[in-house]
Amino acid sequence: MMTTMDELISLAKQRGFIFPGSEIYGGLANAWDYGPLGIELKNNIKQAWWQRFVHERQDIVGIDAALIMNPKVWEASGHLANFTDPLVEDKVTHERFRLDHLLEENGVDVTGMSFEEMRGAATIAKLKSPAGNELAEAKVFNLMLKTFLGPAEAQANTVYLRPETAQAMFVNFKQVLATTRRRIPFGIAQIGKAFRNEITPGNFIFRTREFEQMEIEYFVREEDWQTQFEAWLSAMQQWLKDIGIDEKNVHVREHGEKERAHYSTRTVDMEYDFPFGRKELYGLSYRGDYDLKAHMQASGEDMHYTSPDNPDDKFVPHVIEPTWGVDRTVLAVLASAYHEEEAPTADGKTEKRVVLRFPYWLAPVKVAVLPLSKKEPLQTLAADILKTVAPHFVCDYDETQSIGKRYRRQDEIGTPFCVTVDFDSLDDQQVTVRNRDTMQQDRVPISELLPYLKERFNV
Ligand code: ATP
């Protein structure tokens, strides 16, 4: 069932997934902090991605580059000149908008339009702000966040927080090639923060000014690009399935010729039906040899690859770039996992149950240990059980409130198994294990609890 954003944001805050940033100071617009459960969920996503695309493959290696790079990188990559959005301002409220978004909302197809064309279209359409006011002259606004290195705020010290992780893979291409001796095709992967001074951030963690990306630059021979592109498309679709995202909510959208960057011959967006509409989740792009050539020209560094078998087989590799937003993944995973249903209560009635049906491996807490009472010797028995399970599975230990309320809380954070330690456990050395999805309860000997859980988690 599709949830609303308000429900998701409220659950995320109440349960400790995601908090509004700097909240005690009134927050900072569109900044969000990951709480204790959010960081577990996010780490599970990042670790699974790294495991799948770096550790399990011999053709991809990882790097972790500095967030602040030499500004010449952004000059060569074209970001300084072209990483812009068209900005307009309401003359009365001074609220700022993206001109392309306003035009689209007014039924103008802006695909492939230059800034000048958009400005012209706005004049023709007599475009007003959403509040109905006149708009100031449109401007080109660069999305890179600027700062200064060193004590003087001088132009010469201007640097930028990286707006994508990708350029570091191109800049380090030669070193990676030399040190790992990989053969084409091979890729460089990176997970890290990126910063964009978005004009209209919003929709919770969907569009923020600071976010995280998982990106791969995959270097291929030009003649192989189509095959490799298809392989990446299916790898990305498989990934989506494995993180529990229903195929029917994912849509592969091909960019039209006008929409693509001039150097790209094929770009697709993988869109997801978010609660606020269908929007880009991931991207996949064939970038030709544009980036390596641009850096070769600007830096003077030779970016050719030479085949180890044949010195005449020398070329500048072409690039396939699959890119995944970490925060958008978290949002899509939360929206997909969210379920509301009627569940039976102990007294034969029904009540609303909210449950996050994460795939087991993705759940931030895997097992909850719940002693029925705080009294001894139950507490000690429960603490011993926790000690046995915790080295294998992330555990939560909760001894407050009624057991029904504790189950509901674990359902709301998506914990696959609750282990209840009751007074009978003292005599029969067994515990009750409740499954999040079926709510079925099994009586399991304490000595067999770990193998029971391992079997169900498939580890
Ligand atoms: P959009 O059209 O939504 O602005 P984009 O096409 O500019 O996105 P890319 O440059 O392709 O995005 O960035 C790669 C990925 O990084 C996106 O698919 C998305 O998952 C993520 N991403 C981009 N911008 C943001 C942002 N402001 N907040 C959160 N995630 C983002």
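Counting convention: from 1, in listed order, for ligands and their atoms alike.
Phe19 does not carry Lys13 over the face of its six-membered ring by the limits of under 6.0 Å from the centre and within 45° of the normal.
Listed as neighbours of ligand 1 are Arg196, Glu198, Phe206, Arg207, Thr208, Phe211, Gln213, Glu280, Leu281, Tyr282, Gly283, Thr323, Gly325, Arg328, each bearing a heavy atom under 4.0 Å from the ligand.
Counting only residues at least two apart or on different chains, the salt bridge (charged side-chain N to carboxylate O under 4.0 Å, His left out) pairs with a member in residues 291-308 are Arg287-Asp291, Asp289-Lys293.
Residues satisfying the ring-ring contact (aromatic ring centres under 6.0 Å, His included) test with His79, not counting sequence neighbours, are Trp74, Phe83.
Between Arg436 and the options Tyr407, Phe358, Phe417, a side-chain contact (heavy atoms from CB on, under 4.5 Å) holds for only Phe358.
With 3.5 Å as the limit, one finds no donor-acceptor pair spanning the side chains of Asp224 and His318.
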For residues 233-240, which side-chain donor-acceptor pairs fall under 3.5 Å, sequence neighbours excluded?
from   : atom 1 : to     : atom 2 : distance (Å)
Ser234 : OG     : Glu230 : O      : 3.2
Ser234 : OG     : Ala231 : O      : 3.2
Gln238 : NE2    : Asp242 : OD1    : 3.2
Gln238 : NE2    : Asp242 : OD2    : 3.4
Trp239 : NE1    : Tyr282 : OH     : 3.2

